[in-house]
Amino acid sequence: MARPPKPTAQLALVGAIKRNPKRYEDRKEEPQPDTDVGTPPDTLTPEQLQAWNELLENAAEGVITKQDRHWLEYAAQAIAAYRSDPTDNQTRAWFDKALSKLGFNPVERTKVAKA
């Protein structure tokens, strides 16, 4: 099975696009994410809303974009559930997955490219 392609932003940071521009010509029209996440959904509880705001405050600039809104909502719900019952292993796994997807643990942070 082939490895998935690296994000274009990451390739630009390491100079791969500059070294071999013809190889990445098909990525020129790649959509650029809008970094404005917008307002949180009305369906969030006060605890989830607090987690939403906390995630946005602690995220590296340009990492969470408008296209990540659903993952941000998922992570906020996971944090609220984890805080209400930190001993539940299923909740802990949900919490870990949600934060990993947004680059909130040291290993995953190395894989995240800024918009």
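Quick note: residue numbers are just sequence positions, from 1.
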For D85, give me all partners under side chain to side chain donor-acceptor pair (under 3.5 Å), at least two apart in sequence or on another chain.
T87
For the aromatic rings, using the six-membered ring if either is Trp, is the centroid distance between W94 and Y74 under 6.0 Å?
yes
What's the separation between atom CD1 in I79 and atom OG1 in T91, rounded to the nearest 0.5 Å?
13.0 Å
Interatomic distance, D88 atom CG to R92 atom CZ [nearest 0.5 angstrom]:
9.0 Å
Taking NZ, NE, NH1 and NH2 as the nitrogens, is one of them in K101 or E73 under 4.0 Å from a carboxylate oxygen of the other?
no
To the nearest 0.5 Å, atom CG of L55 lies from atom CZ of F104 at 4.5 Å
Test item: N58 side-chain N/O and E54 main-chain N/O as donor-acceptor pair under 3.5 Å:
yes
Sequence neighbours excluded, the answer for side chain to side chain donor-acceptor pair (under 3.5 Å) partners of R69 is none
Taking V14's backbone N and O only, do any of them form a donor-acceptor pair with R19's side chain (distance below 3.5 Å, no angle check)?
yes
Can you tell me how far the NZ atom of K97 sits from the CH2 atom of W71, to the nearest 0.5 Å?
5.0 Å
Atom CZ of R27: over 12 foreign heavy atoms under 6.0 Å
yes
Identify every side-chain donor-acceptor pair in residues 37-52 under 3.5 Å, counting partners at least two apart or on other chains, and give the distances.
from: T45; atom 1: OG1; to: E47; atom 2: OE1; distance (Å): 3.4
from: T45; atom 1: OG1; to: Q48; atom 2: N; distance (Å): 3.2
from: Q48; atom 1: OE1; to: T45; atom 2: N; distance (Å): 3.0

Run the side chain to side chain contact (heavy atoms under 4.5 Å, CB included) test on I64 and D68 for me, step by step, so that the C-alpha distance in whole Å, both residues' side-chain angles and the decisive distance to 0.1 Å come before the verdict.
CA-CA 6 Å; I64 298 179; D68 301 316; 4.1 Å; yes
Inspect the surroundings of CD in E25 and state if more than 12 heavy atoms from other residues, nucleotides or ligands are less than 6.0 Å away.
yes
Here the gap from L56 atom CG to L102 atom CG, rounded to the nearest 0.5 Å, amounts to 9.5 Å
